Amino acid sequence: MVGPGPSGMAPLENANPLIYRRSGERPVTAREEDDELPDSIDDREIFDISPPAFLNPAHLIRSINDPEHPLTLEELNVVEQVRVKVNDAESTVAVEFTPTIPHCSMATLIGLSIKVKLIRSLPDRFKLDVHITPGTHVSEHAVNKQLADKERVAAALENSHLLEVVNQCLSARS
Amino acid sequence: GAGAAVPRPGAPRVPVLVPGLEPRREPAGVLRRGPDCAAVGQGRACVPHPQRGHHPAPPTPGQGWACRAVLGEGHQRTVRRVAWSPCGSYLASASFDATTCIWKKQEDGFECVTTLEGHENEVKSVAWAPSGTLLATCSRDKSVWVWEVDEEEEYECVSVLNSHTQDVKHVVWHPNQELLASASYDDTVKLYQEEEDDWVCCATLEGHESTVWSVAFDRSGERLASCSDDKTVRIWRRYKPGNEEGVACSGTDPTWKCVCNLSGYHTRTIYDVAWCHLTGALATACGDDAIRIFEESSASDPQQ
């Protein structure tokens, strides 16, 4: 797996990223309030808020930190709700993410962070597909292939340094 | 349930067990992990863990499984594969810590008699040749290593094969020849044999469109099945020089040709394939939570 260089020691690849405004909080519906009804999982759920009780709270892909900038993936438009596809009945989740620049060397790390966040947050039944928005990265096939390889991902996450970097991306900013 | 297999229209009809239609049956004396399971070194029999609504009979004396040993000190990372030697006295374990341990069965457990080192990163698979004197390992470092063991239990690396261009996921030996097959992240299967005292790659099977996770030989060793992230199983047949089917070979080497592509049955990555040497049936392990069994119809062309 491609890991990041030591942070803070190299100039940022993309020193002036475009920053996108965060979308507002979604209003909670009456159906979601009703504890009797089973919670299904939809696109917005993955993207954002009020996760059902059995999900880990406060860990959502919109607020995953970018490894290089003090900004979230949502603020950089790396992840967008419209690029999250959930099929609760078939237990599949597909997330397309858009690196800020086509040569972004952090693409694998960002994809891995999204994947880890979903693995940790969703019920085991979900099959996850995390890949780069087509046409937005020079190595999209290679990155996608790594992210799709369960064995590679599992082995990479046994690397304590890489795991620490991923956990930093996933930690809530105060 | 997910993953019901529907044959493609126009595809040869091969009977396929559809998961979910067979009533689920538990074998007697089913083993469950639970607080009853023995810890390190103890030989206590594991008691089936009662499941809500399911009360299996306790194992009759002489039946059931007991955990005899926990070999917890051999590796520093995930143990990915284990393989018994043909004689049954040794166990090889391949680990993400880049080593392969060889364990010898003793009266009261297992002892690590040697650790095979050399791979640069995770070892993904280990396999014993039927002769019992050769071992193969493979790794994310793209290489396949062949090891020889002598009567004094000394292991020596006799070849490092760098033919693949990406991780090697699995190695499998031919059932009755010293021929080795490897499956790789580079989308190919490669075959190796000893030629004039050197191990060489003698064939490359191309066709899969993504990582090949596993391979299996049929009983005769004339056919090989491969399974892939591209959601297909491919069957390859060996053609010797001068074959009556007119398949071209270069020199004295046999050629392997893809004779079947089982496509449209699996909906996610296929991680493993097993070829029954008794019945000829193929079984696949798939990321869509289903196991599929394939059988050859008797009316099919033997060259398919």
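Below, chain A is the first sequence line, B the second, and so on; all start at residue 1. If you're wondering where the values come from, they're calculated on a predicted model, not measured in any experiment.
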Turns out that what part of Tyr185(B) lies under 4.5 Å from chain A's heavy atoms comes down to both
Honestly, the part of Gln166(B) sitting under 4.5 Å from a heavy atom of chain A is side chain
Would you call [X] and [Y] a salt bridge, using N to O less than 4.0 angstrom?
X         : Y         : result
Asp149(A) : Lys169(B) : yes
Glu151(A) : Arg80(B)  : yes
Asp229(B) : Lys150(A) : no

When every non-hydrogen atom of Asp187(B) is compared with those of Lys145(A), the smallest separation belongs to OD1-NZ, 2.7 Å
Between Glu122(B) and Ala155(A) the two heavy atoms that sit nearest each other are OE1-CB, 3.5 Å
dist Asp288(B):CG -> Thr92(A):OG1 (nearest 0.5 Å) comes out at 12.5 Å
### Message
Is there a side-chain contact between Lys127(A) and Asp289(B) in this structure, where contact means two heavy atoms from C-beta onward sitting under 4.5 Å apart?
### Response
yes
Exercise. Do Arg140(B) and Arg152(A) come close enough that some side-chain heavy atom pair is under 4.5 Å?
Worked result: yes
